[in-house]
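Here the structure is laid out as structure tokens; the discussion comes afterwards.
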Amino acid sequence: MGRRGPALLAALTVAALAVGCTSTKSGSDEPTGDGSTKIGLVTKTDSNPYFVALRDAAKEEAEANGAELVALAGKFDGDNDGQVAAIENLVQQGAKTILVTPNNSTGILGAIKKARDRGVLVIALDTETDPQDAVDATIATDNTNAGRLQGQYVKAALNGRPARSILLDGTPGSTVSEQRHAGFVEAAQPENLGTEATNGEQNKAQQATENLLQRATTVNSIYTLNEPAARGAYSALKAKDLADKVIIGSIDGSCDGVNAVKSGEIAVTVMQFPKKMAEQGVRFAVEFAKSGKKPTGFVETETAVITDKPLAGIDSKDTAWGLENCWG
């Protein structure tokens, strides 16, 4: 995607966690770190299971190493103002590193610049800023490629038939949503029968699919940003007795999503590894506190295609593997 930069490989040591506006330290009386390292984590929300998994992984990595990590979040998906306030809060608390999953890839830039001007290391997790070099480093899935992998599978599963697709996007203006959509379209080359923003929510996706099905009578495939959207699409199709006639693809790789693949609700999902993003972010933060070394560029975390209907030319794992490895 023309956005690769060099990445410093950091060693591990220090960290600890706090949820919301409070912080808790590791129970160790003799932490392995310097005892004063404070790391901030700002996620898009504190309720989405994906970001809960990311936060919990950061907590475990922190507590294993003896620093302090303070976790804050936006109030809802798209809450840029809440994330700006969280970053400002963390700077005031003395965080040496802030890990952030931006709700708005441009709206957050002012707060990030102020933090970096104060000497704070800022690392984007999961979602890139725009421009990417507004942060010191980014640790994320290649979301364009994740969409491309979904599209490749859907195209192959159609066995020569042209894709006639409904496309269920995320939040309008979201970098992740735009990248995944673009990757799917590049690979599947679908006839677009309708695109709707769902904010990645099951109920909104179901309603959007119901509305689109009124005119998309030739649909044979549905692109979805994430697995809640995919399950919403499935519910709408099932109500119309179309579930066995339409291929649903998705992205994320939660345990619930893998089970949806196992049950046949979703044909394929592309698994991400948010736990690895969080762990690597904490490790970079620890190394920065110890030595002043900063990571740079884009650090890509892996993906895996999960399906119980493997296809020639598509590298995939089955749901048994998926359930053992969901979200890393």
Side-chain angles (χ1 to χ4, degrees), residues 12 15 17 19 41-64 69 71 73-74 77 99-103 123-128 138-147 149-150 153 170 174-177 179-180 183 199-202 205 224-232 248-263 265-284 298-308 315-328:
L12 351 169
L17 167 79
V19 178
L41 173 65
V42 181
T43 52
K44 294 182 181 181
T45 72
D46 61 7
S47 57
N48 184 303
Y50 182 87
F51 297 111
V52 171
L54 188 149
R55 183 191 68 206
D56 288 349
K59 176 179 181 179
E60 290 178 10
E61 186 69 22
E63 289 181 342
L69 187 146
D77 195 358
L99 312 173
V100 58
T101 64
N103 266 313
I123 299 173
L125 300 182
D126 177 71
T127 304
E128 298 171 58
T138 301
I139 308 170
T141 302
D142 181 336
N143 282 293
T144 301
N145 191 53
L149 291 170
Q150 182 187 156
Y153 183 91
S174 162
T175 301
V176 169
S177 180
Q179 290 175 340
R180 292 181 182 182
N199 294 351
E201 298 175 12
Q202 182 169 338
T224 65
L225 166 91
N226 66 6
E227 291 151 359
R231 294 193 114 155
I248 301 175
S250 199
I251 299 170
D252 266 356
S254 68
C255 294
D256 283 346
V258 174
N259 275 319
V261 174
K262 184 177 181 178
S263 70
E265 294 178 31
I266 306 172
V268 65
T269 193
V270 180
M271 182 177 288
Q272 301 187 92
F273 295 88
K275 294 179 182 179
K276 293 183 180 180
M277 296 178 200
E279 290 164 356
Q280 184 63 77
V282 169
R283 291 168 188 166
F284 280 148
F298 188 92
V299 180
E300 182 179 343
T301 50
E302 61 192 284
T303 53
V305 174
I306 307 297
T307 183
D308 282 334
D315 185 17
S316 65
K317 305 286 188 181
D318 63 18
T319 57
W321 186 94
L323 289 171
E324 291 178 359
N325 294 276
C326 39
W327 279 350

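Keep in mind it's a predicted model, so treat the numbers as computed, not measured.
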Heavy-atom check, side chain of Met271 versus side chain of Val261, under 4.5 Å: no
Ser254 (side chain) donor-acceptor with Gly257 (main chain) under 3.5 angstrom: yes
Donor-acceptor contact below 3.5 Å, side chain Thr319 vs main chain Val258: no
Pair Tyr50-Asn226, side-chain donor/acceptor within less than 3.5 Å: no
Any Leu54 side-chain heavy atom under 4.5 Å of Trp327 side chain: no
Polar contact flag, side-chain donor to acceptor under 3.5 angstrom, Thr127-Thr101: no
Exercise: identify the closest heavy-atom pair between Thr224 and Ala230: OG1-CB, 3.4 Å
Any donor-acceptor pair under 3.5 Å from Glu227 side chain to Thr269 backbone: no
Heavy-atom check, side chain of Asn103 versus side chain of Asp77, under 4.5 Å: yes
Test item: Gln150 and Arg180 side chains (from C-beta on) under 4.5 Å apart, heavy atoms: no
Glu128 vs Gln179 side-chain heavy atoms within contact, under 4.5 Å: yes
SB check Lys275 Glu60 (cutoff 4.0 Å): no
Least distance between heavy atoms, Thr307 atom then Tyr153 atom: OG1-OH, 3.2 Å
Any Asp126 side-chain heavy atom under 4.5 Å of Phe51 side chain: yes
